[in-house]
Amino acid sequence: MSIRKLNLRSPLIIASGPGGFGEYLKIEGIEWNKLGAYTSKTVTYKPKEGNRPPRMYAKGGYLINRIGLENPGVHSFIKSLENGEYDELFDKVPVILSLGGDFFEEYLSITKIIKPYTSKFIAVEYNFSCPNVKRGGLSIMSDIGEWKNLLKEIRTEVPDVFLIAKLGIEGGFVEENAAIVKDTGWDGVTVINTIRGLMFNDEGEMILGGLSGPNLLPIALRAVYEVRKRLSDIFIIASGGVYKREDVELFLKLGADAVSVGSALFKNEKVLNELL
Amino acid sequence: MSIRKLNLRSPLIIASGPGGFGEYLKIEGIEWNKLGAYTSKTVTYKPKEGNRPPRMYAKGGYLINRIGLENPGVHSFIKSLENGEYDELFDKVPVILSLGGDFFEEYLSITKIIKPYTSKFIAVEYNFSCPNVKRGGLSIMSDIGEWKNLLKEIRTEVPDVFLIAKLGIEGGFVEENAAIVKDTGWDGVTVINTIRGLMFNDEGEMILGGLSGPNLLPIALRAVYEVRKRLSDIFIIASGGVYKREDVELFLKLGADAVSVGSALFKNEKVLNELL
Amino acid sequence: MGNLSNKSSEKIKSYKLSKKEVFQITADTYLIVFEGGSFDFDCGQFCMIDVDSYGLTRKPFTLGKFEGNLAISVKIVGDGTRYIVETNELIDILAPLGNPFMPGEPERARESNGVVVVAPSCFAEGYFISQKFNVPLYVTSKTPFSEKFVEKFRDKNMEFIVGDSEFLGLTERLNDSDFDWIFVSGSKNMEKIAVKNLYKKIVYISLNEYMGCGIGACKSCAVESKYGIKHVCTDGPVFRGDEVCL
Amino acid sequence: MGNLSNKSSEKIKSYKLSKKEVFQITADTYLIVFEGGSFDFDCGQFCMIDVDSYGLTRKPFTLGKFEGNLAISVKIVGDGTRYIVETNELIDILAPLGNPFMPGEPERARESNGVVVVAPSCFAEGYFISQKFNVPLYVTSKTPFSEKFVEKFRDKNMEFIVGDSEFLGLTERLNDSDFDWIFVSGSKNMEKIAVKNLYKKIVYISLNEYMGCGIGACKSCAVESKYGIKHVCTDGPVFRGDEVCL
Ligand SMILES: Cc1cc2nc3c(=O)[nH]c(=O)nc-3n(C[C@H](O)[C@H](O)[C@H](O)COP(=O)(O)OP(=O)(O)OC[C@H]3O[C@@H](n4cnc5c(N)ncnc54)[C@H](O)[C@@H]3O)c2cc1C
Ligand SMILES: Cc1cc2nc3c(=O)[nH]c(=O)nc-3n(C[C@H](O)[C@H](O)[C@H](O)COP(=O)(O)OP(=O)(O)OC[C@H]3O[C@@H](n4cnc5c(N)ncnc54)[C@H](O)[C@@H]3O)c2cc1C
Ligand SMILES: Cc1cc2nc3c(=O)[nH]c(=O)nc-3n(C[C@H](O)[C@H](O)[C@H](O)COP(=O)(O)O)c2cc1C
Ligand SMILES: Cc1cc2nc3c(=O)[nH]c(=O)nc-3n(C[C@H](O)[C@H](O)[C@H](O)COP(=O)(O)O)c2cc1C
Ligand code: FES
Ligand code: FES
């Protein structure tokens, strides 16, 4: 395998999830030309209703969410693709497709289904780290051997697609998992995803979800550092706690090739204009 | 194996590390009778000088440290034990001994060496999660199979000791690792340890260390929740971000048997008087 | 889902607005009137406000009008709402969001016969709706109103009601009234009670769920409804009380 | 290491002290004098101050005396130091910590012939040492001193020096002087330059390292020395300049 790089017009990316399927286009004043890519919300094999409310809460430096990968499922997604619902999005900014599934087989099936459409996307990111689903997501990492096989099979299925694995810091060392991603011929990793957390909202309801926001920054910086130390030749998208231009610079300095913004969109979407 | 519980006079414990080898006894006004146990700083097989300075920094809700398990090594520690240097400590409060090593063999060797002294301690906690040493600590978790064997061997070596494994959230799912701890006949787990982080201090020096402090709380709460959900019959010591009475109550409510205090000692050691 | 088009025709923008006047409604709730008529919106819609360093998300508030100017009412419940009430800086508002409120069929809405019941925190919205449809407004509060505030609005088509049992009494009266619909906006609990007690009526409620984006992207504002998961920001914020699970 | 006994005889306690007077020394540095003579300590020792919600650790400050009262000097460099200077609440001080400073052999210390050079942030400590050993004090600053402050101390055995080159000049003068020892306390950089330039003298420096506990428990305050790792809080804070790696 030769080393491939995503040729982004800018290293700034919208992270999978917070940006939905392009909804931020509805807001005027975002300088889309400053953005390298827009990652879609994770699409899974089957449609997902998501988790029961409440789904989000924030306190101090953390946001917690338990959306549970609500999405229309790959078949409905493809229909929307074909209907041209995302044409405006493709027009404005390169798109990275995020995929997920409940089981190994679903990850493979969705790959096969999406294969004819991959040329619309500059890369496909596989979400192996969503902590908010009972099956799939992060729990896929419980069997590293099986996971490795899955990576190999996906690589074989779509040999030309720029493949990115999104990894969290749980369920194995992120740098070791990144090495497996590299070994199986994938092109990049996105590190990190949310971290499993538990918070109580003002109504006293317990929220088991994924933590995002400013407090992730030192953990995500370390993850990027460790992955880059271990692997000089993998494409790295940093994710976690990016709110300021300085954060972007730090990630790039530590070896990230691109930096993604998630929760900061909720504070103010104009952050996108200010990060570079 | 029958289920064993540590019979603590109070569920409040001083975490391994921040409390050193009992130095807080030097400070007047701590209500020692309120404390269930004092965990010693991790003792390793060989003496350790620790890492080069700087070793600590704090910003926002995190403290980062890279002490690197500075300790006199088990032989010197035993000398101090025999010299009665810790008698005042034993007098004031039950002590949990924390042990570590660079390799599997060292964890086993130290067990054999300390065996004759274990009756002085109410429990022995093995540190499988220090992120600040090149070998040993957290990196032990890179080979879960080997680690499992180690747990078995230690259990066999000291069948009567109350054995606790201290686990972090990296290098495998904490609840799965806790299940291994339980399966190999150990009595308890301490969750969590510091999380690997990266921060720059005011002098611009990069600090690769372990994150502790208030920001760990939602992550540690979740870890305790997950371990208890998975294992109804393991003794759990919670660790991470305890600063307030409310934090202690939450951990206990989520199923912890005891709660340990680390970094909060640095804010004000009197926190020990106020947590219960 | 996966649908890029917003139901409102207006493009969403962020506006930096300055406060014109702030009126105290109750001990912890304020009516904030902004300068100028910055953008078009309809009743029922809401905005998301950037609270600077006082929160990780923008904060949603229903929109209203007062003497031709954009107005919101804000109950101080945390750092973000305190900031909004207290700051003298320009306020960064993303709007308009959500769908206009329309009682019954659009064609017949203006003839329909309704009533608006709001907590002080939703006063601006309630006032706007009551003016638009020319229907009575009841402002109900657990705690007393500022006398100055009551003075200011006494002559309008509006009643101030204080106390839990008074609120319960109101719901009973309205249930037996000949109004067609009741619009209720306030706390979750207040809306729940209203829906339960007003069982003879069509009740519209403006829902509260934690919002990340306000524009349909994040899926945080889900509510369960008869027809499956709905999103407050894009399907609401106003729903029929009998159609959502409270 | 693993040694529970503190080298100072005094038990360590936390004291809640009220401010008696605060003098401005330079633009960002203050001398804080506390009420009463709460506890015994010796020069060279330090304390750790609880900064309430303004920091995750207690903050270390060297101890001094002014007109019989406990005094510290504080340079505002962040939230904790700002809190200490600005608060009117009681201040929670853990003390005394570290070892007394003794030039040369204890028996001969009083006869020895030294000089004290401190940055404004270490004024309280420097003043205390200069009084105790009756030796001259140089207070050196990059930025000008408050005139009022200079006024107050002008008559004492003390000189105020402003500017980098003036500081370098002082070190050269002192290197060629007939003082036996020089005590230097200030920034890392200042101490480094002093040790380098005063190569003919015995230089004592009071070290700065990040401190978690201040009592020898956490091992955060390590410094490298000729004799391996030392800890500022229990082996120092004063070290011989030629014995530590700066
Ligand atoms: C569609 C909608 C319209 C609303 N309209 C009004 C209004 O007109 N007047 C009014 O006073 N309040 C209104 N609210 C509630 C208001 O948004 C919250 O009170 C406000 O966000 C609290 O911010 P805080 O920083 O002060 O609170 P925090 O201290 O962050 O939290 C306090 C409480 O506010 C809730 N809250 C905080 N952030 C959000 C958020 N992003 N989305 C939803 N809830 C949140 C929390 O769940 C919690 O219960 C509305 C909420 C929604 C969803
Ligand atoms: C033994 C010793 C004696 C000292 N004596 C004095 C003194 O007499 N007068 C004086 O003005 N300053 C003194 N300092 C430095 C002083 O402790 C720091 O400036 C202070 O802790 C900064 O707190 P902050 O919250 O304002 O800073 P922050 O915003 O937290 O950090 C600003 C800077 O202060 C340093 N700092 C912060 N916390 C600590 C800590 N717990 N330990 C050590 N350094 C820290 C940081 O490394 C950073 O460089 C001394 C330091 C030591 C180690
Ligand atoms: C509301 C929300 C939804 C998310 N959904 C997804 C998702 O569908 N797929 C995914 O890979 N990551 C998802 N994430 C994780 C983000 O992409 C990002 O990795 C994480 O939030 C950390 O970055 P941040 O601190 O910038 O938010 C989601 C995060 C949030 C807050
Ligand atoms: C300075 C410092 C040193 C530590 N040393 C050890 C150690 O030797 N062994 C260990 O098991 N944990 C060690 N820890 C981890 C703590 O025991 C504790 O698990 C962690 O700090 C999280 O808790 P806290 O947020 O209460 O500090 C150390 C932590 C700190 C801050
Ligand atoms: S608030 Fe984001 S989808 Fe409704
Ligand atoms: S500050 Fe803790 S050992 Fe020195």
Side-chain angles (χ1 to χ4, degrees), chain A residues 57-64 66 131 138-145 168-177 179 192 194-200 204 206-226 228-229 240-241 246 249-251 253-255, chain B residues 57-64 66 131 138-145 168-177 179 192 194-200 204 206-226 228-229 240-241 246 249-251 253-255:
Chain A
Y57 185 65
K59 189 149 212 119
Y62 281 123
L63 201 111
I64 191 164
R66 52 187 296 280
L138 185 55
S139 70
I140 281 285
M141 309 301 287
S142 284
D143 189 334
I144 295 288
I169 60 156
E170 297 170 278
F173 290 103
V174 64
E175 66 275 31
E176 293 186 1
N177 289 340
I192 58 178
T194 57
I195 297 174
R196 292 188 299 169
L198 184 162
M199 285 165 88
F200 289 85
M206 181 166 80
I207 304 189
L208 297 170
L211 299 168
S212 62
N215 289 358
L216 285 199
L217 186 67
I219 299 175
L221 287 170
R222 178 66 179 268
V224 167
Y225 172 92
E226 293 294 337
R228 180 53 79 215
K229 197 175 82 176
E246 190 195 329
E249 287 164 1
L250 268 181
F251 274 119
K253 194 172 121 186
L254 291 171
Chain B
Y57 185 65
K59 190 149 210 117
Y62 281 124
L63 202 112
I64 191 164
R66 52 186 294 280
L138 185 55
S139 69
I140 282 285
M141 308 301 287
S142 284
D143 189 334
I144 296 286
I169 60 156
E170 296 170 280
F173 290 103
V174 64
E175 66 274 31
E176 293 186 1
N177 289 341
I192 58 177
T194 58
I195 297 174
R196 292 188 300 169
L198 185 162
M199 285 165 88
F200 289 85
M206 182 167 79
I207 304 189
L208 298 170
L211 299 168
S212 62
N215 288 0
L216 286 199
L217 186 66
I219 300 174
L221 287 170
R222 178 66 179 269
V224 166
Y225 171 91
E226 293 293 339
R228 180 53 80 215
K229 196 174 82 176
E246 190 195 329
E249 286 163 1
L250 269 182
F251 274 119
K253 194 172 122 185
L254 292 171

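Chain letters run A, B, ... following the sequence lines, proteins first and then strands; every chain starts at 1.
Separating the CZ atom in A:Phe200 from the CD atom in B:Glu246 is a distance of 9.5 Å, to the nearest 0.5 Å.
In terms of heavy-atom pairs under 4.5 angstrom with chain B, the leader among A:Ala220, A:Ser139, A:Gly209, A:Gly171 is A:Gly171. Contacts with chain A were tallied for B:Ile169, B:Asn215, B:Ile219, B:Leu221; B:Asn215 has the most, counting heavy-atom pairs under 4.5 Å. Taking A:Leu250, A:Val224, A:Leu208 one by one and counting their heavy-atom pairs under 4.5 Å with chain B, the maximum is reached by A:Leu208. Chain A forms more heavy-atom pairs under 4.5 Å with one residue of B:Asn177, B:Val174, B:Leu211 than with any other, namely B:Leu211.
Look at A:Glu170 and B:Arg222 and you find no salt bridge, because none of the NZ, NE, NH1 or NH2 atoms lies under 4.0 Å from a carboxylate O.
A:Tyr225 places none of its side-chain heavy atoms less than 4.5 Å from the side chain of B:Arg196.
Residue B:Met141 touches chain A through both its backbone and its side chain, counting heavy-atom pairs closer than 4.5 Å. For a residue to count as touching a neighbouring chain, one of its non-hydrogen atoms must lie under 4.5 Å from one of that chain's; by this rule B:Ile144 does not touch chain A. Only the side chain of B:Leu254 comes within contact range of chain A, judged by heavy atoms closer than 4.5 Å. Residue contact with chain A, scored on non-hydrogen atoms closer than 4.5 Å, involves the side chain of B:Ile195 exclusively. Interface remark: A:Leu217 contributes no atoms to any contact with chain B (heavy atom separation under 4.5 Å).
Contact detail for A:Phe173 and B:Ser142: the closest heavy-atom pair is CE1-OG, 3.6 Å.
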